[in-house]
Amino acid sequence: MANREREDSDDGNPRAKRPKIEGEANGKTRAQNGFGGDAANDPSKNPYLQHRYPQATGGGGRLDNSMRHKTTTKATEALENGPNNPFTGSKFSQRYMGILQTRRDLPVHAQRDQFLDKYQKNQILVFVGETGSGKTTQIPQFVLYDDLPHLNGKMVACTQPRRVAAMSVAQRVAQEMDVTLGEEVGYSIRFEDKTGPNTMLKYMTDGMLLREAMSDNNLSRYSTIILDEAHERTLATDILMGLLKEVVLRRPNDLKLIIMSATLDANKFQKYFHNAPLLAVPGRTHPVEIFYTPEPERDYVEAALRTVLQIHAIEPAGDILLFMTGEEEIEDACRKIRLEVEEMVRESDAGPLTVYPLYGSLPPQQQQKIFDPAPPPNSHGGRPGRKCIISTNIAETSLTIDGIVYVVDPGFSKQKVYNPRIRVESLLVSPISAASAQQRAGRAGRTRPGKCFRLYTEKAFKEELIPQTYPEILRSNLSSTVLELKKLGIDDLVHFDLMDPPAPETLMRALEELNYLACLDDEGDLTQLGRLASDFPLDPALAVMLIVAPDFYCSNEMLSLTALLSVPTLFVRPAAQRKRADDMKNLFAHTDGDHLTMLNVYHAFKSDEAQANPKQWCHDHFLSHRALTQADNVRMQLKRIMEKNEIELMSTPFEDKRYYENIRRALVAGFFMQVAKRDGNGKTYMTVKDHQSVLLHPSTVLGHDSEWVIYQEFVLTSKNYIRTVTAIKPEWLLELAPTYFDLSTFKDGEIKRSLLRTANKLKSKEFATKGRK
DNA sequence: GAGCACTGC
């Protein structure tokens, strides 16, 4: 297959040798456009079909397959100037001509020649474009006009780390190209594929491309792949880079790769890709003046509040953005600033200041408020008002707010860290990287020159901050990733060339976990179960739990539960109404634990009573409507995957006394590695094998002091907590996960003694049963 | 008796 591709799609091949393409196979031809082709198979040249092409392209630099990778800026610009859209044959609209002018003013445009030259001559190219250069919208179009992927039944892909970006950029580019979104230009994200048979440029999330790679290891649908925002180093981007590094060798003549990044860290990308050539384009932002504190600040929260108030008191009009680490800190800061400003207004006639919190778990309507205009002066001719947004890192990359002139950067954020020794991911407040600091400062210069107040010394910035945030791959549990890599056909993980190889211990942990889950055999090869599990967009333990659920007669319930476990918290608990919220939660509580409680919530949500007005019902019961509808979406997706793989959907009748027990047993089949046993009669628990002393999270509804529990999450905050817990029986552990609970591998101690007692009890019971027969 | 930085499939 690889050979065929190479031979067929090489530059300048005679058209007669062109392979049959996707669209043609469906009886629809991709040649329904102004590009090339002889009249015989190009309907736009067919005199009987001219009514469908009222404005067929006439004269002036027509493109066809023989020009692939040989186009020039001049010829392409002539095509872009119209009058007809070379991709659709229709006349360009008035709006198109307007947008074309602004596009040509973008910084990238000045280097189109250089770009084309480097793109044509190389298989891999690293492209650095700073904010405002226009790279995300323009480069894919430059590529399209030269790569002509549709002539070979292929596409150009451009990946984004976030869904909203993929959607909104695709929308914009469809406008710029004067085509309908979902036709020539489309996007593909989880839950939504807006592409069609004519799609030649596809924006997608990096995770989506990775999914596709799992079923097509050569990514053969694409002739050019653009990895955008590579500097963010998401897990998916890192794996794609590793994979593509191998794929370009397998497809030397028909795949090109562009790595786009916003930082000057590009040399690292170049080096990684065998010294690929680099093209850098300046951005277009306003200058931002940086101020440091002369001495280190002891209390950054206090310093931040003081700085905001000072800006408000003495700086000219302009909005403020303050970065903090989390919800609690932000809400607290908001309260304090509001109080202080009231006093300033009373005593020194300061202008009004509206304070908005901004963080991910905030409902969308409240997030939207940050875009409200700043308040007007308190009185006619009074001092101007401004707004102050206090935000988590969400405002660093995901959300941009125009009109920010002042940024206050205390230099911290919450970051995920992974400890492979105890297999725990946790969030820690840590100093940001220099790159992050630069990004934050840049937020002040989007609309006009701004100022950034760093609450640390210049020396600290230069000497103490790490240059780049550690990539996610170094900070995560990699069990899903390792499973994905196996599915991608990477057998030798140790020698798989990742840009930043994770710690061997992290890899070992992941391999070990997958082996216990029977997703990998003892040779480290993918098992049938592993292959199935990799088909689900879930953590391996959750996927396994779902796949084996039919053995416990409750796959319907496990399907719902799996969906619920892969969305954010269902329970809403506003600070002012904690008691009422807890009372509502208790309506759904199941004494055996939180998993069963979540299931009760879901079933209640799906009842006729709730569905009559789901939003109101959720509000009344202090449940997150967003989380529940999201869970419903995930459930549908997972259900389709189950059906595809012929995993039976079934339930134990609710009246059956084993209804809940079956569910708890199925939970154990996936999460037998997350078990804790109560220490004596106290409150503390001890995790099995890792021997961590933990407490039940106060949010649990577990109604009795169960000796054995499985837990969903280990949270490291003020104390070590296990969260989302359910009571189980120790004999289930021995029965359902005999390899993991091979007691000869256990350290001596109370856990081992207790499990040995259970094993003996089981044996004598077995003996008794046999004896009766 | 307590939090949940952010994304993604």
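Just so we're on the same page: letters track the sequence lines, and every chain starts at 1.
Base engagement by A:Glu328 is indicated by at least one non-hydrogen atom pair under 4.0 Å involving a base atom. Looking at heavy-atom distances under 4.0 Å, A:Thr234 makes no contact with the nucleic acid at all. Residue contacts shown for A:Arg162 are limited to sugar-phosphate atoms, with no base heavy atom under 4.0 Å away. The residue A:Arg233 sits apart from the nucleic acid: no heavy atom pair falls under 4.0 Å. Across all strands shown, A:Lys416 has heavy atoms under 4.0 Å from base atoms, whether or not it also approaches the sugar-phosphate. Across all strands shown, A:Phe536 has no heavy atoms under 4.0 Å from either base or sugar-phosphate atoms. Using a 4.0 Å heavy-atom distance criterion, A:Thr392 is classed as a sugar-phosphate-only contact. Looking at heavy-atom distances under 4.0 Å, A:Leu427 makes contact with a base. Residue contacts shown for A:Ile189 are limited to sugar-phosphate atoms, with no base heavy atom under 4.0 Å away. No contact: A:Asp539 has no heavy atom under 4.0 Å from any strand.
You'll find the side chain of A:Thr726 stays beyond 4.5 Å of the side chain of A:Val709, heavy atoms only.
Comment: A:Glu713 engages A:Arg723 in a salt bridge, judged by a side-chain N to carboxylate O separation of less than 4.0 angstrom. Ion pairing between a basic and an acidic side chain is recognised when a charged N comes within 4.0 Å of a carboxylate O; A:Asp535 and A:Lys644 show such pairing.
For A:Ser433, the side chain to side chain contact (heavy atoms under 4.5 Å, CB included) criterion is met by A:Ala435, A:Ser436, A:Ile466, A:Thr469, not counting sequence neighbours.
Mapping A:Pro698 and A:Gln160 onto DNA chain B via the closest heavy atom, the residue that lands nearer the 5' end is A:Pro698. With DNA chain B read from its 5' end, the first of the two nearest nucleotides for A:Ser480 and A:Gly326 is the one closest to A:Gly326.
Note on ring orientation: taking the six-membered ring where Trp is involved, the planes of A:Phe461 and A:Tyr456 are parallel (angle under 30°, cut-offs 30° and 60°). Relative ring orientation between A:Phe714 and A:Tyr711 is described as perpendicular, the plane-to-plane angle rising above 60° on a 0-90° scale split at 30° and 60°.
Along DNA chain B, the stretch of nucleotides lying under 4.0 Å from any heavy atom of chain A spans, 5' to 3', B:dG1 to B:dC9.
Proximity of the aromatic rings of A:Phe571 and A:Phe622 is defined here by a centroid distance below 6.0 angstrom, and this criterion is not met.
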